[in-house]
Structures are given as C-alpha cells and as structure tokens.
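Before any comments, here is the structure.
What you are looking at is a predicted structure, and each value in this text was computed from that prediction instead of being measured. For ligands, and for the atoms within them, numbers begin at 1 and follow the listed sequence.
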Amino acid sequence: MSATVWFLTSNQGKLDEAAHHFSEVGMEVRALSVDSGVVVEPQAEDLETVARAKIQQALKHLPEGETTVMVEDAGLFIDALGGFPGVYSAYVHDTIGNLGIVRLLHHLTSEDPVRAKRLRAASFQAVAVLWDGHQLIVGKGVCRGSIASDAQGENGFGYDPIFIPADLDEDGASLDPETLGVVSTHGRTFGSVDVSEKHLFSHRRRAIEDLVRQMPQLNAGE
Ligand code: IMP
C-alpha cells in the first residue's frame, strides 16, 4: 500500500484533521479533488451507505499509480430531535445554519447545568471508508456532547461553534454530564479550541483510528 491516502474532500477543515490523525501512523493525506457534481451523494438513511456509494465513485478519480482512497461522511445527531439533522447535516447547515439549530433548541433550557446538558445532548458521528488497493475498510467514530446556547468561537468548521464535547475519562470514553473528566474543554465549544484539542475528542479521529486498527499493512508487526 502506498503511504499516501487520497481523501475525497474539498473541506480544508476535514483535510487538516485527517492529516493530523494519519500523520500519527506515518501516512500522508492529500485531497482528491473532483469537480463539484461529479461525485453524487445519494440521499440515504445512514452515513455508511452514503460513504460506500461515494467511494465507488472516488476510485475512478485516483491518480495514476495510486492505490489508497478514503471518503468520510459525518453528521450532527441531536437527541431531542430524534437524531436530526443526521444525514441531512450538510443541507441543514447550508439552510438554517448554526443559528437555526440554536433556535430550534431554544426551549430546552434549565438553570441546572447538568440537566441543561442532558436536554441538549447530541453527538457527532463519522464513518470513514478506505480502499487500500485490496479491500474496503470501514471505520466508525462517535463524539458525545451537547449543543451550546449560542455560537462560540471561530475555529473549525460546520457545527463546531455550537458543539460542546462531553468530558473524557482516562481511556478516552465520553462521560455523563455530571462527571468531571480528565480531558475537558471546560464548557468550550469545538469552535473555541484548536485542532489539536478537538483531536482528543473527535469523531473523525475515532473513525480513522478504527480504520487504522483494521489495516493489515499497518498492523503487520503486531
Ligand atoms: P459531511 O457530509 O461529512 O461533509 O458533513 C455534513 C455536515 O456536517 C456539514 O455541514 C459539515 O460541516 C458538518 N460536519 C461534519 N463534521 C463536522 C465536524 O467535525 N465539526 C463540525 N461540523 C461537522
């Protein structure tokens, strides 16, 4: 397998995060750019179906001599809205945006911060699919958290300014709102922390780690 992962994305934020995650296993990530509209995103009910459909199309655009291509699909799933916007996250972000989501949850509030976090619970979910030249590998990652009462911070992209990740325990597992963790943004949104701090919580990192665990070439020495 070549040491370059060609990542089908035009999102610089996603590219930066993936580059950060793959550098830890000595792999480079480059953007696989195709003209908009060439790769069609099917409307499906789950992220994995969308990602699998996209990788079949991405393969046709791999540069000559290259073998490894990845697509990744992610979304914001809000508990109180039955998982909405989920697979519709991109459309909802383009239409009502972060302000629209904050308004949708406006009534879900409490003076008790723990209860407020429970009412506004949400998760980022990511599915990364990689073709390594021989096989298709699927990695999944979830980041639990809650929706802030307003947008905070300029970092990251998409829903980052309204998402507060749940604290993590020493093993990196998300904790309930009443438990203080060893890793915490102390109530700050992903928009208010830098990429290396988001990395500690990231659904994308978890999906890529899940992928890497399944890549026989990278685990051959185990
Ligand atoms: P995509 O289809 O995976 O590109 O993402 C769907 C929507 O979710 C887009 O509006 C993204 O901006 C948003 N999104 C995906 N991942 C993240 C993230 O890590 N932070 C914030 N928003 C995200």
Drop me the distance from Ile208's CD1 to Ser202's OG, to the nearest 0.5 angstrom. 7.5 Å

Select all protein residues for which some heavy-atom-to-ligand 1 distance is less than 4.0 Å, and list them by chain and number. Lys14, Asp73, Ala74, Ser89, Ala90, His93, Phe124, Phe157, Gly158, Tyr159, Asp160, Lys198, His203, Arg204

Nearest 0.5 Å please: distance from the OG1 atom of Thr189 over to the CD1 atom of Ile164. 7.0 Å

Taking salt bridge (Lys or Arg N to Asp or Glu O under 4.0 Å) as the cut-off, I'd like each qualifying pair that reaches into residues 186-208, sequence neighbours left out, listed once. Glu17-Lys198, Glu17-Arg204, Glu72-Arg204, Asp160-Lys198, Arg188-Glu197, Arg205-Glu209

Walk me through whether Glu178 and Lys117 qualify under salt bridge (charged side-chain N to carboxylate O under 4.0 Å, His left out). CA-CA 9 Å; Glu178 59 267 22; Lys117 276 188 185 168; over 6 Å; no

Option among Asp167, Asp176, Asp79 that satisfies the side-chain hydrogen bond (donor to acceptor under 3.5 Å, both in side chains) test with Arg144: Asp79

If we count only N and O atoms by modelled type, under 3.5 Å, do the side chains of Gln152 and Ser192 hold a donor and an acceptor together? no

